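Keep in mind that what you see is a predicted model, and the values were worked out from it rather than measured. All heavy atoms count here, side chains included; hydrogens, waters and symmetry mates do not.
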Amino acid sequence: MQMIDIIAHKKHGLKLSNEEIHYFVDGYVKDLIPDYQVSALLMAICFNGMDKDEIACLTHEMMYSGEVVDLSHILGKKVDKHSTGGVGDKTTLVLTPLVASCGAKVAKMSGRGLGHTGGTLDKLDSIPGFNTQLSDEQFKKQVNEIGLAVIGQTKELVPADKKLYALRDVTATVDSIPLIASSIMSKKLATGSDCICLDVKFGSGAFFNDPEDARKLAKTMVNIGKSLNRDTKALLTNMDEPLGYAIGNILEVKEAVNTLLNKGPKDLKELCLEAGSVMLVQSGLFSDKKEAKKELVKHLEDGRAFAKFKEFIKAQGGDVSYIDNLDKFPLAKHIVEIKASKEGYVNKIVAIELGEVAMKLGAGRKTKDDKIDYSAGIIIHKKCGDYVKVNDVIATIHTNVSNYNDYLDEIKHAFVIEKEKGQYYPTIYDIEE
């Protein structure tokens, strides 16, 4: 078997065999196949696609290119959630303690942010003392004892994806549904959970602008999960504006805490209740989503979800006094209001533009080696559909950079204000099962 023949097969739109897919993944991980040949194959996949059998095989090969986590020592069904990434997406901080407070077991491995999307681990790192580097035994023990642990992914997990994604990033082959789906699902499946709830986003801050394109990705990932015997469901959710009001690590932690105290933004709460009800049914704790959602609401209202969050933070070394008193978190040196320059309805808030400005203000990374300023970020004060007048405050920046004035117009530009009220996608667009 030769790599040039595999490239030619896909170039002509032929279906790759399991053996061919194994050959290229295994050979690339072992540095036996050069970048230029894999680049050619990735481009052929972008042009000609892959069918569901090819995608399932590619995911399987990537999944087993490194270690696969064994969670069998954790009692009960393990449930996990994954978001395809967004601006202001602090869902994990709210959702995981909420479902764990209802008895679900959540053994979660998360990532760090890069570019305009924030990372769950960065948000947790902004809590003094919090430790994301538990040993395997500590991780499993904690999930057994309190139902929840969140750690970083190990270097040994899915090395094929690390190599392939780095290559895709520099060869304009990122936006391929088979490649996106296999990348996401290989990592989720390798982390060992029995059930996966996917949050597939669409809009200005997501992979795809159109919800129907996002649906294709969601269906592909659900099919992968089913083909590999994992209960997988996907929510299609709106990222045509940031989720909630806060963008940036400490700011998002504060918003998550307020949501767990049942005082959070409507869209964030709605998403967590919907995803949580799916996860509780997947875990076997409830047979009906409606009943599961009722229980989740109770746990928000009576404080059990917030108590579980504090238990989780304490278990991983975090200073809970910051959670009890949010004023202890440091504030940025510059806190500046941005005002509307025209009157009308906010018909769109371009999430990716705000995410990129937040990164420039210090809240994110341009490269993986950049240092994050946990206090930096943006608070938006208006959502889609709100009416604003000239000089109404639409956003507030938090930053320690001295040239923040350079970015104020970019933030204004992200708010699309028009005379006539537009039409807006709901937070939850649909569910793929």
Electrostatic pair Asp199:Lys81 at N-O distance under 4.0 angstrom: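 No.
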
Check ion pair Glu270-Lys266 (N to O, under 4.0 angstrom):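 Looking at Glu270 and Lys266, the cut-off is not met.
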
Side chains of [X] and [Y]: closer than 4.5 Å at any heavy-atom pair?
X	Y	result
Ile196	Met185	yes
Glu353	Glu410	no
Leu95	Leu271	no
Ile378	Ile338	no
Lys348	Asp240	yes
Ile250	Lys254	yes
Phe130	Thr132	yes
Asp267	Lys383	yes

Donor-acceptor check, side chain of [X] to backbone of [Y], threshold 3.5 angstrom: yes or no?
X	Y	result
Glu54	Leu16	yes
Asn144	His73	yes
Asn48	Lys11	yes
Lys10	Gly49	yes
Gln138	Ser135	yes
Lys90	Lys123	no
Lys162	Leu157	yes
Glu241	Cys384	yes

Pairwise distance CG(Leu260) to CG(Leu300) - rounded to 0.5 angstrom: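 Going from CG on Leu260 over to CG on Leu300, the span is 6.5 Å.
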
Gap between atom CG of Leu261 and atom CD of Glu301 - 0.5 Å precision: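 If we round to the nearest 0.5 Å, Glu301:CD and Leu261:CG are 12.5 Å apart.
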
Test side-chain contact (heavy atoms from CB on, under 4.5 Å) applied to Asp169 and Val174, step by step: CA-CA 6 Å; Asp169 196 35; Val174 170; 4.3 Å; yes

Would you list the atom pairs, donor with acceptor, under 3.5 Å between side chains in residues 315-324 and any protein atom, with sequence neighbours excluded?
unit_1, atom_1, unit_2, atom_2, d
Gln316, OE1, Gln142, NE2, 2.9
Gln316, OE1, Val150, N, 3.1
Gln316, NE2, Asn131, O, 2.9
Gln316, NE2, Val150, O, 2.9
Asp319, OD1, Ser321, N, 3.0
Asp319, OD1, Ser321, OG, 2.6
Asp319, OD2, Ser321, OG, 3.4
Ser321, OG, Lys328, NZ, 2.8
Asp324, OD1, Lys310, NZ, 2.9

Sequence neighbours excluded, which residues qualify as side-chain hydrogen bond (donor to acceptor under 3.5 Å, both in side chains) partners of [X]?
X	result
Lys269	Asn262
Ser287	none
Tyr429	Glu212

So which heavy atom on [X] is nearest to which on [Y], and how close?
X	Y	answer
Gly147	Ala100	O-CB, 3.7 Å
Leu121	Ser110	CD1-O, 3.4 Å
Thr396	His381	OG1-NE2, 2.6 Å
Leu361	Val401	O-CG1, 3.8 Å

Who passes side-chain contact (heavy atoms from CB on, under 4.5 Å) against [X], sequence neighbours left out?
X	value
Ile180	Arg168, Ile184, Phe207, Phe208, Leu217
Ser182	Leu58, Thr59, Met62
Lys52	none
Ala107	Leu71, Ile74, Phe139, Val143

Stepwise salt bridge (charged side-chain N to carboxylate O under 4.0 Å, His left out) test for Glu311 and Lys314: CA-CA 5 Å; Glu311 186 180 18; Lys314 184 177 180 181; over 6 Å; no

Identified side chain to side chain contact (heavy atoms under 4.5 Å, CB included) counterpart of Lys308 within the set Leu98, Ile146, Thr96: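 Considering Leu98, Ile146, Thr96, a side chain to side chain contact (heavy atoms under 4.5 Å, CB included) with Lys308 is found only for Ile146.
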
Does any donor atom in the side chain of [X] or [Y] lie under 3.5 Å from an acceptor atom in the other side chain?
X	Y	result
Asp122	Tyr374	no
His398	Ser375	no
Tyr404	Asn400	no
Ser83	Asp89	yes

Check against side-chain contact (heavy atoms from CB on, under 4.5 Å), Phe329 and Asn249: CA-CA 11 Å; Phe329 281 105; Asn249 298 284; over 6 Å; no

Pairs meeting criterion salt bridge (Lys or Arg N to Asp or Glu O under 4.0 Å) with involvement of residues 18-27, two or more places apart: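 Sorted pair list: Asp26-Lys30.
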
Sequence neighbours excluded, every pair satisfying salt bridge (Lys or Arg N to Asp or Glu O under 4.0 Å) that has a member inside residues 216-233: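 Those involving residues 216-233 are Asp213-Lys216, Asp231-Lys233.
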
Is [X] atom [atom1] crowded by more than 12 heavy atoms from other residues, nucleotides or ligands, each under 6.0 Å away?
X	atom1	answer
Lys293	NZ	yes
Lys163	NZ	yes
Lys289	NZ	yes

With sequence neighbours excluded, residues passing salt bridge (charged side-chain N to carboxylate O under 4.0 Å, His left out) with Asp288: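 If we apply the salt bridge (charged side-chain N to carboxylate O under 4.0 Å, His left out) test to Asp288, skipping adjacent residues, there are no hits.
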
Partners meeting salt bridge (charged side-chain N to carboxylate O under 4.0 Å, His left out) with Lys77 (sequence neighbours left out):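 Lys77: no salt bridge (charged side-chain N to carboxylate O under 4.0 Å, His left out) contacts found.
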
From CA spacing to verdict: side-chain contact (heavy atoms from CB on, under 4.5 Å), Leu124, Phe312: CA-CA 11 Å; Leu124 291 170; Phe312 155 61; 4.1 Å; yes

Residues His299, Glu295; criterion side-chain contact (heavy atoms from CB on, under 4.5 Å); working and verdict: CA-CA 6 Å; His299 284 232; Glu295 189 68 13; 3.0 Å; yes

